Q: 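The structure follows.
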Amino acid sequence: MAGAAFLSASDITVGYGGGTVLDRLSLKVERGEFVALLGSSGCGKTTLLRTIAGFNRPRSGQISLAGRDITTASPDRRNMAMVFQSYALWPHMSVAQNIGYGLKLRKTPREAIAARVGEIAAMLGLTGLEARKPGQLSGGQRQRVALGRALAVEPDVLLLDEPLSNLDARVRLSLRHEIRALQKRLAITAIHVTHDREEAMVMADRIVILDSGRTAQDGTPEEVYNRPRSAFVAAFMGAENVVALKGAADGERIAIAAGPHNNAAAIARNGRALTSGSFQARFRAEAASLSPVLPSAAIPSSATTGEDALELLGTVRQTSYPGGCWRHVVAVGETEVSVDAARPVEPGTSVILSVPSAALFLFDAPQDGAAAVSHAVAA
Amino acid sequence: MSALSLGGKDAASQAAGRRLAIDLKWLPRTLVLGLIAFAIFGPLANLLLWTVAERWYFPHTLPLEYGFTYWAKVFSPRGVAWESLATSIVVALLTVICSLALAIPAGYALGRLKLPARSLILLVFLIPQAFPNLPVYVNIARFFYDVGLNGTIAGVVLVHVTHGLVFAVWIATASFAAVDAELEEAARSMGAGAFRAFFDVTLPLALPGLMASGIFVFLESLDEFTGSFFVGAPDISTLPLLLYTAGAGGNYQVASITALLLLVPSIAFMLVVERFLRADVLARIGH
């Protein structure tokens, strides 16, 4: 247990009935850290949170908090506070009673409770609403009360189960920053479950991406965004464009062979784990640059070798303006990719797409094709 | 000019005809409603008349003499009504306490159960209601003789509890199922033990339904006749038993006054229940 993290879950397996939801999953959270559990629905992120909270008992594995084994402790003996997706505010209690409930359980004197409730209400902009019942509040206000209720008891770990998913887009954006600022100011250890990539990126110190009960990648937002370790993570982090390539990994360089729709390229390995053969290339719409070519030049040739950039040849199929930049659907052979550009290119134009090495994610081609990964993300 | 006035007259007569047609269309409905009202309130009116009738016999449509001498007789210090009323209320209250003591844990457990199992168990609770009452009660009475429960308050309460428990468990289950499990989990997460969370969150939220359940059991017990008759009579006399004795003895005034006494709490509680038991709670019974 040397150098054990503040909160650690090691090798926990959780299942309902016959199925397994979490499969020997481990998670470490340092004191004061904000960790986001990111994944599509059914990946086990909420189950993991509920297991940490004590509502699910793992079949095997161990959970410890500040060096204390809490694997079998009941939820009320963990000093964690959970904020539910449904807020779970008690409708028969006023806002003040909801926020002060945890303190009342801890036998805090009445005046101290009132003072703390007032302080929390002021901090969350709920002043003046203390006497209201949850039914008389807006969604954003309810969310703040749920948060205030959890913060009032100064928990060791704050557990947030998709707390923003039921709110309007605008309220959600402002609450994101509010929660993050509050967490930093109060130095709370927090675990945040979400399926919203941007939310996780903006709020968390560290993102743990879960895929069917296992950790797909664990790193800072910058790491998981720019150095996805698997095709799943790349797809989840927005690199939805997929192109199949062939090439050879040799030492520090990766040589991509010229194909029917791509030029040969030499890419620095840069820590990519690849074996020679078929590759799957993934990149984001905004990562590629797009330039029209003369019809005569649109023949793939091994003579031109892209240095630290992959060049793809395609035809623009569709052009639209979603705001900020022009989005093009470009056919590269059988597959279609989307590419953003500052200026529109007419549909039907032959183009060269250039993806710089830093934004190009290369993986060994999966045995059963790329379709399975795309489906997993869409689900 | 004349054509105009002619046309006007024509229109007026047409309008009158239309009004008549509408009136005729309403006639059958009015009749049906009147008959229904008579079917419902006729016996009640008759009952009310009997409670204040001093003398009333066959060829006369209305009582010959009105007065409250029978009320005085029924409620005289040595009259049977007071005793029966007290017995009835004691039995009903004890029945409510016993039923809720069983229905609250049972309803909580069932309310937190997953759907198919819950429906099945609730259905099993209904099965005793499918049997004819009489043979069941005769057998209960025989058994109670053996164990010495016949003719005791405890025996009558026990019979009423078996009868009222079905309602109590059904309504309690629906009330607990209507309380989101996450609300309780939130309390646990804030540091409340299982019992504390139940008493602070789940119970208060299920209380309206539980009160309705208690009222139903109370009314059922107040009205119960067959079981009380076989197990209680003649030692225990509840209001329905008094009503039966009076009615069988041709004493319609006493029977009517007793019936009225039974009617008052029923109506009063029905109004209360109607306020407590909201449709969204009732809808949870099958869910």
Side-chain angles (χ1 to χ4, degrees), chain A residues 16-17 46 49-56 73-93 97-108 113 133-135 142 145-163 166 191, chain B residues 104-105 107-109 111-120 171-172 174-214 272 275-284 287:
Chain A
Y16 301 114
T46 294
L49 196 77
R50 289 177 58 86
T51 307
I52 292 170
F55 296 121
N56 291 334
S74 67
D76 47 307
R77 292 172 187 278
R78 298 192 174 207
N79 202 24
M80 296 182 182
M82 185 146 159
V83 176
F84 292 81
Q85 186 174 9
S86 64
Y87 316 142
L89 297 177
W90 303 303
H92 59 301
M93 295 189 198
Q97 284 170 319
N98 266 284
I99 296 176
Y101 181 71
L103 297 169
K104 197 174 119 193
L105 289 175
R106 283 159 181 75
K107 304 217 159 48
T108 312
I113 294 180
K133 291 281 169 70
R142 282 181 212 183
V145 175
L147 194 63
R149 180 174 71 181
L151 290 176
V153 298
E154 293 175 335
D156 286 339
V157 184
L158 179 66
L159 305 171
L160 304 157
D161 184 11
E162 307 213 14
N166 288 338
I191 303 177
Chain B
I104 288 175
Y108 178 71
R112 287 281 175 264
L113 220 58
K114 291 279 182 295
L115 196 54
R118 193 204 300 171
S119 308
L120 196 75
I171 302 173
S175 323
F176 281 119
V179 179
D180 196 344
E182 264 191 2
L183 294 177
E184 206 175 301
E185 286 179 350
R188 297 299 305 275
S189 171
M190 296 320 299
F195 277 100
R196 189 71 199 261
F198 176 79
F199 283 108
D200 282 352
V201 173
T202 317
L203 194 62
L205 290 173
L207 203 60
L210 295 177
M211 286 187 73
S213 154
V272 177
R275 296 204 57 183
F276 273 128
L277 207 60
R278 304 185 319 276
D280 57 330
V281 173
L282 279 178
R284 284 278 178 153
H287 285 269

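Just so we're on the same page: letters track the sequence lines, and every chain starts at 1. Owing to the predicted nature of the structure, the values given are computational and were not obtained by experimental measurement.
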Q: Just so I know, are the side chains of B:L205 and B:D180 near enough to count as touching, which here means a heavy-atom distance under 4.5 Å?
A: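 SC-SC contact between B:L205 and B:D180 ruled out.
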Q: Contact part of A:R78 toward chain B, heavy-atom cut-off under 4.5 Å: side chain, backbone, both or neither?
A: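 Contact with chain B is absent: no heavy atom of A:R78 under 4.5 Å.
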Q: For chain B, find which of A:S74, A:G54, A:A53, A:P91 contributes the most heavy-atom pairs closer than 4.5 angstrom.
A: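 Max contact count across the listed options: A:P91.
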Q: So A:F84 and A:F55, would you call those rings parallel, tilted or perpendicular, with 30° and 60° as cut-offs?
A: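 Taking A:F55 first and then A:F84, their aromatic rings sit tilted (interplane angle of 30° to 60°).
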Q: Using the rule given for side-chain contact (heavy atoms from CB on, under 4.5 Å), can you reason through A:L158 versus A:L151, listing the C-alpha separation, both sets of side-chain angles and the distance that settles it, and then say yes or no?
A: CA-CA 8 Å; A:L158 179 66; A:L151 290 176; 4.1 Å; yes
Q: Identify which part of A:M80 has an atom lying under 4.5 Å from any heavy atom of chain B, answering side chain, backbone, both or neither.
A: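 Backbone only.
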Q: Taking B:Y108 as the fixed residue, which of B:F195, B:F176, B:F199 is the one that meets the ring-ring contact (aromatic ring centres under 6.0 Å, His included) rule?
A: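 Of B:F195, B:F176, B:F199, ring-ring contact (aromatic ring centres under 6.0 Å, His included) with B:Y108 is met by B:F176 alone.
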Q: Counting only heavy atoms closer than 4.5 Å, note whether A:L103 contacts chain B via side chain, backbone, both or neither.
A: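 Contact with chain B involves no heavy atom of A:L103 at all.
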Q: As an exercise: rank A:Q85, A:H92, A:R50 by heavy-atom pairs under 4.5 Å with chain B and give me the winner.
A: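 If we count pairs closer than 4.5 Å to chain B, A:H92 comes out on top.
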Q: Identify which part of A:R77 has an atom lying under 4.5 Å from any heavy atom of chain B, answering side chain, backbone, both or neither.
A: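 Looking at A:R77, nothing touches chain B.
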Q: Measuring only between side-chain heavy atoms, which start at C-beta, is B:D200 closer than 4.5 Å to B:M190?
A: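 With C-beta onward as the side chain, the pair stays apart.
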